[in-house]
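All chains are named by letter (A, B, ...) in the order of the sequence lines, taking the proteins before the strands, and each is independently numbered beginning at 1.
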Amino acid sequence: MTVRTRFAPSPTGYMHLGGMRTALFNWLWAKKNNGQFILRIDDTDQQRNLDEALAPILHAFKWLGLHWDEGPEVGGPLGPYFQSQRGELYREAGERLIANGKAYKDFDSPDAIKADREAAEKEKRNYLNVRRSLELTADQIAKHESDDLPYVVRLLVPRDRTVAIEDAIRGHVEWNCGLIPDPVIQRNDGSALYNFATVVDDAALQITDVIRGEEHLTNTAIQVLIYDALGLDLPRFAHIPYVAAPASKEKLSKRKLDKYEKHRAFRKLFEQAERLISQLGRSKDDRLNPVLVSFYEEVGYLPAGLLNSLVRLGWSLDDKTEYFSLDDMVRQFSLDRIIKSPAGFDPDKLLDYQSHWINELTIEARTELCLPYLLEAKLIKSSDTDSRAFVGRLIVALGDRLKVASDILDHSDFFTADSALPFDEKAFKKRVLKVGAPELLAKFRARLEATESFDAGSLDKLMHDFVETEGIGIGDIIHAVRVAATGKGNGPGMFDCLELLGQSACLKRIDRALAKASAAMES
RNA sequence: GCCCCCAUCGUCUAGAGGCCCAGGAUGCAGGAUUCUCAGUCCUGAGACAGGGGUUCAAAUCCCCUUGGGGGUACCA
């Protein structure tokens, strides 16, 4: 039988990291088995602007390259793939269960149920439905119905048995049905509840493997009873642990950001977002929430980096392999190597995967990633051949300093006008305002002006000759040159920086630094 | 309260009775390289939640405790 897995998001308007990890495991398992991955939209509570709420979710899948075989936009033979359009199926299944005596119409008011529950609690007794509606005669039921007395449909739980599954991750899990109250499967208006709709849909969509978060493990008891009542075969279940927040075993949550902000590793993510906000003049929006997939796309992470990080949350191949491309994952993924305990999302580890994968990229590919940020920041005017070439050279010089695409914004000094270059005050003071430094800088400037060749190699030689004739160490001059030319105390190799800037820019910038230095000396 | 699940370095994990005074990765600290930063290389600190069993032998199996999580809805 072909393996068919599914991911069933509610159209919430965003894609959570934890949900994405669940989706990834489903996708991988399907692909690994040459099966199909289905996207079903659980839009039971009739949203008004469905498209708007769904778009970011579909976009996240597309961005990561996790394409679905059936679902929204692509359709498929077993559609529709929206629960809101499958009401007829649930109604039909509900009627069948009532006809079979596997479910019943419960005319008890919510208040009556509540009273039963409270009474049980008071007596420290486990609550079970009193099932008064089961005592009703056919005539009484007909009367209630003609009176339009509201009712819900409840599954009649067989209290004398147990229900068990062989979970692919947890192994044998068993429940005593004598402890399970009869769950509502259909509301008064005929709409289906989650546990019911899910079973009907998973069966209709021929899902063979249900891989989902462990928060659904308890639901599974009820769902298995529904499968049984409907005479359906059980899929294989795999309940994976949730993705936890840093420094806790709590579920990673979209709403607990201020807590994560205090976490050392997480703070790096917030800083990346702040860089976008300050350098691109963006406003703070929901997409820049590091619990959401959109954050990583916005900041310039690679799908490969995020994917690698997600797959390693709760899954490993062996005791040493850390880096997995999507193809590697498809080849090597397996359910039996998923761990049972929750895994905390670690931004440090993500950054390591990210820098691994970005360094696998060609310079051209990295350039393409960085250009949009430079354009948005107005550091370059267009992405023409010249800009591409220049950015490419910068990226070569940056080497593995460039970890996420928006890191390019940290190197605006290569793009700003010479007359507007900001100097890092601390570095300036330390390197340029040092005794004797301006004099050396001025002398070296003269050499820079006189030289014919301005490539890194020649500049290196030029500097060494200079150092030798002056009888100083290279450290006595190179830092001052760096600060004068780039405004900063650190960065790529100094000679690469000078070459990138070019002769005239370097001279202008050094002049500006010298002027600033003499002004500072006087005061 | 009741039911279910989980428990190895800060973090991600390897480990399915002897290979483990517990291995890798990341992070951290120190050193080397170097013009800074990043990287690279080397070194270091760092864990089997606790208690009972079973066994010649337990991180691994069983029980209890503790801790964490989930469910207990006319949410999904």
Side-chain angles (χ1 to χ4, degrees), chain A residues 8-10 12 42-45 83 106 110 113-114 117 120-121 124-127 150-154 167 169-171 173-176 179-181 183-189 191-195 197-198 212-222 239 241-242 244 246-251 263-265 309 312-323 337 339-353 355 359 398-403 407 410 427 430-431 460 463 467 473-483 486 488-495 497:
Chain A
S10 294
T12 51
D42 282 10
D43 56 342
T44 45
D45 31 67
Q83 283 195 330
D106 185 359
I113 300 286
K114 199 177 159 212
R117 188 169 265 131
E121 204 172 305
K124 297 194 174 184
R125 162 170 63 77
N126 192 62
Y127 169 75
Y151 65 85
V152 293
V153 178
R154 287 185 188 274
D167 191 277
I169 295 163
R170 322 249 152 202
V173 185
E174 198 176 278
W175 297 268
N176 176 359
L179 264 18
I180 304 174
V184 174
I185 57 177
Q186 273 182 306
R187 295 186 185 91
N188 185 46
D189 64 3
S191 61
L193 268 88
Y194 167 75
N195 276 321
T198 294
R212 61 182 16 163
E214 65 177 320
E215 61 270 25
H216 291 291
L217 186 57
T218 322
N219 287 329
T220 309
I222 291 165
H239 288 93
Y242 58 89
S248 80
K249 287 291 176 200
E250 277 174 50
K251 204 160 154 182
H263 189 262
R264 195 194 55 78
S309 158
R312 289 285 291 97
L313 290 176
W315 179 84
S316 66
L317 176 67
D318 53 31
D319 61 341
K320 46 181 83 67
T321 317
E322 288 288 342
Y323 302 113
R337 290 202 58 85
I339 206 171
K340 295 174 183 174
S341 50
F345 172 65
D346 183 357
D348 275 331
K349 209 90 180 165
L350 166 66
L351 203 58
D352 179 63
Y353 295 125
S355 73
N359 280 302
L398 286 173
D400 39 34
R401 291 172 190 82
L402 185 86
K403 291 183 173 163
D407 281 346
D410 290 339
K430 183 175 174 197
R431 303 300 194 183
D460 193 339
M463 168 79 68
V467 161
I474 194 163
D476 296 328
I477 175 66
I478 195 163
H479 302 297
V481 178
R482 171 189 293 284
V483 174
T486 69
K488 298 190 301 191
N490 58 40
M494 222 280 297
F495 303 110
C497 291

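- Rounded to whole Å, the C1' atom of B:C28 lies 26 Å from the corresponding atom of B:G68.
- In this structure A:Arg170 satisfies the salt bridge (Lys or Arg N to Asp or Glu O under 4.0 Å) test together with A:Glu214, sequence neighbours excluded.
- The pairing partner recorded for B:G1 is B:U72, the criterion being a Watson-Crick or G-U wobble arrangement whose two distances lie under 3.5 angstrom.
- Under a cut-off of 6.0 angstrom, the local environment of NZ in A:Lys430 is sparse, with at most 12 non-hydrogen atoms contributed by other residues, nucleotides or ligands.
- Annotation: the span from A:Asn195 atom CG to A:Asn219 atom CG amounts to 4.5 Å, rounded to 0.5 Å.
- Across all strands shown, A:Gly314 has heavy atoms under 4.0 Å from sugar-phosphate atoms exclusively, and none from any base.
- Separation of the P atoms belonging to B:A14 and B:A7 is 11 Å when rounded to the nearest angstrom.
- Residue contacts shown for A:Pro492 include a base, since a base heavy atom lies under 4.0 Å away.
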Protein proximity profile, nucleotides 43-50 of chain B - base contact B, sugar-phosphate-only contact S, no contact -, cut-off 4.0 Å on heavy atoms: --------

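- You'll find that the side chain of A:Ile474 is closest to B:C35, out of B:C35, B:A76, B:C4.
- Under the Watson-Crick or G-U wobble criterion, with both distances below 3.5 Å, B:A22 has no partner in any strand shown.
- Taking every side-chain heavy atom of A:Glu250 into account, B:G69 is the closest of B:C35, B:G69, B:A76.
- A:Arg337 comes within 4.0 angstrom of the backbone, heavy atoms only, and of no base.
- With sequence neighbours left out, the ring-ring contact (aromatic ring centres under 6.0 Å, His included) criterion links A:Tyr242 to no other residue.
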Nucleotides 22-29 of chain B: protein proximity per nucleotide (B base, S sugar-phosphate only, - neither; heavy atom, under 4.0 Å): -BBBSS--

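- Applying the side chain to side chain contact (heavy atoms under 4.5 Å, CB included) criterion to A:Pro183, with sequence neighbours excluded, gives A:Leu155, A:Val157, A:Ile222.
- As a whole-Å value, the separation of A:Asp407 CG from B:G39 C1' is 14 Å.
- Formation of a donor-acceptor pair under 3.5 Å by the A:Asn188 side chain with backbone atoms of A:Pro150 is not found in this model.
- As judged by a 4.0 angstrom heavy-atom cut-off over every strand, A:Tyr242 is placed among residues touching the sugar-phosphate backbone only.
- Using a 4.0 Å cut-off, some side-chain N or O of A:Ser316 falls inside it from OP1 or OP2 of B:A14.
- Closest approach to the A:Trp175 side chain among B:C4, B:A14, B:U36 is made by B:C4 (side chain taken as heavy atoms from C-beta onward).
- The base-pairing partner of B:A14, taking Watson-Crick or G-U wobble contacts with both distances under 3.5 Å, does not exist among the strands shown.
- No donor-acceptor pair under 3.5 Å is formed between the side chain of A:Arg337 and the backbone N or O of A:Trp315.
- Of the candidates B:C2, B:G70, B:A76, B:A76 carries the atom nearest the A:Asn219 side chain, counting heavy atoms from C-beta on.
- In this structure, A:Pro110 reaches the bases: a heavy-atom distance under 4.0 Å links it to at least one base atom across the strands shown.
- If you check B:C35, B:C75, B:A7 against the side chain of A:Ser341, the one that comes closest is B:A7.
- A donor-acceptor pair under 3.5 Å links the side-chain atoms of A:Asp318 to the main chain of A:Thr321, judged by distance alone.
- Rounded to whole Å, the distance from CD1 on A:Ile477 to C1' on B:U36 is 14 Å.
- Counting non-hydrogen atoms under 4.0 angstrom, A:Leu313 reaches the backbone sugars and phosphates but no base.
- Nucleotide B:C41 forms a pair with B:G31, judged by Watson-Crick or G-U wobble geometry with both contacts under 3.5 Å.
- Within 4.0 Å (heavy atoms only), A:Asn176 reaches no atom of the nucleic acid at all.
- Each of B:C75, B:C4, B:C35 was ranked by its minimum atom distance to the side chain of A:Arg482; first place goes to B:C35.
- Judged by atom type and distance alone, A:Arg401 reaches the base of B:C37 through a side-chain donor-acceptor pair under 3.5 Å.
- A:Leu351 comes within contact range of no nucleotide atom at all, as no heavy-atom separation falls under 4.0 Å.
- For the salt bridge (Lys or Arg N to Asp or Glu O under 4.0 Å) test, residues two or more places apart in sequence or in another chain that qualify with A:Arg312 are A:Glu322.
- Across all strands shown, nothing is found opposite B:U60 as a Watson-Crick or G-U wobble partner with both distances under 3.5 Å.
- For the atom pair A:Cys497 SG and A:Leu398 CG, the distance stands at 8.0 Å (nearest 0.5 Å).
- Within the 4.0 angstrom heavy-atom criterion, only backbone atoms of the sugar-phosphate kind lie near A:Arg117; the bases stay farther away.
- Residue A:Lys403 places at least one side-chain N or O under 4.0 Å from the OP1 or OP2 atom of B:G39.
- As judged by a 4.0 angstrom heavy-atom cut-off over every strand, A:Val173 is placed among residues touching the sugar-phosphate backbone only.
- Residue A:Lys249 has no polar side-chain atom (N or O) positioned under 4.0 Å from OP1 or OP2 of B:G10.
- Salt bridge status for A:Asp410 with A:Arg401: absent, with no side-chain N to carboxylate O gap under 4.0 Å.
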